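Just the heavy atoms: all of them, side chains too, but no hydrogens, waters or symmetry mates, feed the values below. Just so it is clear, the structure is predicted and the values come from calculations on it, not from any experiment.
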Amino acid sequence: VIYPGCSSSGDFFSIALTESFAERAWQTGHEYQRIAALWALKDAASSKLNDYLQRAEEDGRKYLVGNAMEIRANGFSVNDR
């Protein structure tokens with residue numbers, strides 16, 4: 001995703017914006033909003049992803065945990081940036 005004023009999807013501003021939206025989505029407490037937050041953080045290569053993956057596992061809801069496991073299984077690491 002490239003936001004207006006950003007030169008690329010890896011731009012610091014777009015990562016910070018994605019993290020802000022992900023936090024707001026997470027705070028709703030809705031399972032599918034939380035799933036979307038995880039994938040957005042993954043796509044942005046956010047350093048906050050591992051924290052949210054842990055939160056998802058602690059949440060325990062089936063589809064949220066399943067998506068967290070899928071993201072982990074893909075071998076994503078913040079060091080892959």
Side-chain angles (χ1 to χ4, degrees):
V1 175
I2 299 178
Y3 299 100
C6 297
S7 58
S8 71
S9 61
D11 182 294
F12 172 78
F13 177 76
S14 65
I15 293 170
L17 188 59
T18 298
E19 290 172 346
S20 175
F21 285 138
E23 177 64 27
R24 291 175 67 189
W26 195 270
Q27 289 175 352
T28 69
H30 298 290
E31 186 173 17
Y32 289 99
Q33 294 291 335
R34 289 183 172 192
I35 291 168
L38 292 179
W39 286 100
L41 292 170
K42 178 195 177 295
D43 289 346
S46 169
S47 62
K48 296 182 178 186
L49 177 60
N50 287 325
D51 179 49
Y52 280 88
L53 290 171
Q54 180 65 39
R55 291 183 192 187
E57 291 165 359
E58 291 169 1
D59 179 292
R61 285 181 276 185
K62 178 181 177 179
Y63 295 108
L64 182 57
V65 171
N67 277 267
M69 290 173 57
E70 183 177 345
I71 290 169
R72 285 196 193 276
N74 287 334
F76 174 79
S77 167
V78 173
N79 296 327
D80 290 342
R81 288 170 138 210

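Nearest approach of Glu19 to Ser46, heavy atoms of both residues: OE2-OG, 2.6 Å. Nearest heavy atoms, Val65 versus Ala56: CG2-O, 3.5 Å.
For Glu70, the side chain to side chain donor-acceptor pair (under 3.5 Å) criterion is met by no residue, not counting sequence neighbours. In this view, Arg61 and Asp59 satisfy the salt bridge (Lys or Arg N to Asp or Glu O under 4.0 Å) rule, not counting sequence neighbours. When the side chain to side chain contact (heavy atoms under 4.5 Å, CB included) test is applied to Ala25, the partners found at least two apart in sequence or on another chain are Gln33, Ala37. Residues forming a salt bridge (Lys or Arg N to Asp or Glu O under 4.0 Å) with Glu57 (at least two apart in sequence, or on another chain): Arg72.
Note: Arg55 CZ to Leu38 CG = 10.5 Å, rounded to the nearest 0.5 Å. Atom CG in Asp43 sits 11.5 Å away from atom CD1 in Ile15 (nearest 0.5 Å). Atoms CD and CG, on Glu31 and Leu64 in that order, are 5.5 Å from each other to the nearest 0.5 Å.
Pairs of residues two or more places apart, or lying in two chains, that qualify as ring pair (Phe, Tyr, Trp, His ring centres under 6.0 Å) and include a residue from residues 23-60 are Trp26-Tyr52.
Thr18 places a side-chain N or O within 3.5 Å of a backbone atom of Ser14 that can act as its donor or acceptor partner.
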